[in-house]
Amino acid sequence: MNDYSQIAKVIVERQESIIGPLAWMEARKVGGLKISDRSIEVSGEGKVVLDALVRQYQKLFGMASVEACRDAVRGKAPVEQLPQILH
């Protein structure tokens with residue numbers, strides 16, 4: 001599991017704590033994420049995939065979802081590894 005995969009999993013798990021199983025269903029819609037059971041693998045450009053994941057939640061639940069994602073990743077990765085939406 002690469003760093004981006006770990007960050008994606010942290011984001012999905014945080015969303016799951018808020019919206020339940022819908023978090024995993026929404027994550028499955030994001031290109032560049034391979035999800036099986038509760039494991040996640042990011043392929044391609046990690047920042048782009050993370051951005052798409054956060055925006056998928058934002059489409060449904062607005063800025064509250066973005067803030068939850070930011071809180072989830074805070075301190076877990078250097079800022080330069082994260083897409084702008086997570087700064």
Side-chain angles (χ1 to χ4, degrees):
M1 180 182 288
N2 64 40
D3 288 343
Y4 288 110
S5 298
Q6 292 172 344
I7 294 167
K9 186 169 184 181
V10 166
I11 290 171
V12 174
E13 288 175 342
R14 173 63 60 91
Q15 291 295 326
E16 180 183 33
S17 74
I18 299 166
I19 62 173
L22 179 60
W24 290 93
M25 293 181 349
E26 290 302 312
R28 284 185 175 88
K29 297 177 183 178
V30 176
L33 285 182
K34 180 181 176 190
I35 299 173
S36 65
D37 297 323
R38 295 183 59 86
S39 75
I40 298 176
E41 188 63 38
V42 172
S43 61
E45 178 58 46
K47 280 186 181 182
V48 173
V49 175
L50 291 179
D51 184 76
L53 177 61
V54 174
R55 290 183 190 282
Q56 183 66 34
Y57 293 127
Q58 182 183 27
K59 280 194 305 191
L60 295 175
F61 305 106
M63 284 306 293
S65 287
V66 175
E67 290 301 324
C69 293
R70 286 179 184 155
D71 288 344
V73 302
R74 189 168 289 123
K76 304 249 189 285
V79 173
E80 59 272 0
Q81 281 188 318
L82 301 174
Q84 186 66 35
I85 197 167
L86 288 175
H87 291 190

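This chain uses plain numbering: 1 for the first residue, then up along the sequence.
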Could you walk me through whether Y4 and L53 pass the side-chain contact (heavy atoms from CB on, under 4.5 Å) check?
-> CA-CA 11 Å; Y4 288 110; L53 177 61; over 6 Å; no
Rounded to the nearest 0.5 Å, what's the gap from [atom1] on [X] to [atom2] on [Y]? Could you check?
X: E41; Y: S43; atom1: CD; atom2: OG; value: 7.5 Å
X: W24; Y: Q15; atom1: CH2; atom2: CD; value: 11.5 Å
X: Q58; Y: E67; atom1: CD; atom2: CD; value: 10.0 Å

What pair of heavy atoms forms the shortest contact from [X] to [Y], and how long is it?
X: I40; Y: V12; result: CD1-CG2, 3.7 Å
X: L33; Y: A27; result: CD1-O, 3.6 Å
X: Y57; Y: A23; result: OH-O, 2.7 Å
X: A77; Y: I7; result: CB-CD1, 3.4 Å
X: V79; Y: H87; result: O-NE2, 3.2 Å
X: K76; Y: V10; result: CE-CG1, 4.1 Å

Would you sort out whether C69 and L86 count as a side-chain contact (heavy atoms from CB on, under 4.5 Å), showing the intermediate values?
-> CA-CA 7 Å; C69 293; L86 288 175; 3.8 Å; yes
D51 and R55 ion-paired at < 4.0 Å | yes
Basic-acidic side-chain contact under 4.0 Å: E16, K9 = no
In one Ile/Leu/Val/Met/Phe/Trp/Tyr side-chain cluster, 4.5 Å: L82, V48 = no
D71/R74 under side-chain contact (heavy atoms from CB on, under 4.5 Å): CA gap, chis, key distance, verdict = CA-CA 5 Å; D71 288 344; R74 189 168 289 123; 2.8 Å; yes
Are the side chain of Q56 and the backbone N or O of K29 linked by a donor-acceptor pair below 3.5 Å?
-> no
Would you confirm whether K47, through its side chain, and E80, through its main-chain N or O, come within 3.5 Å as a donor-acceptor pair?
-> yes
All side-chain hydrogen bond (donor to acceptor under 3.5 Å, both in side chains) counterparts of E45, not counting sequence neighbours = none
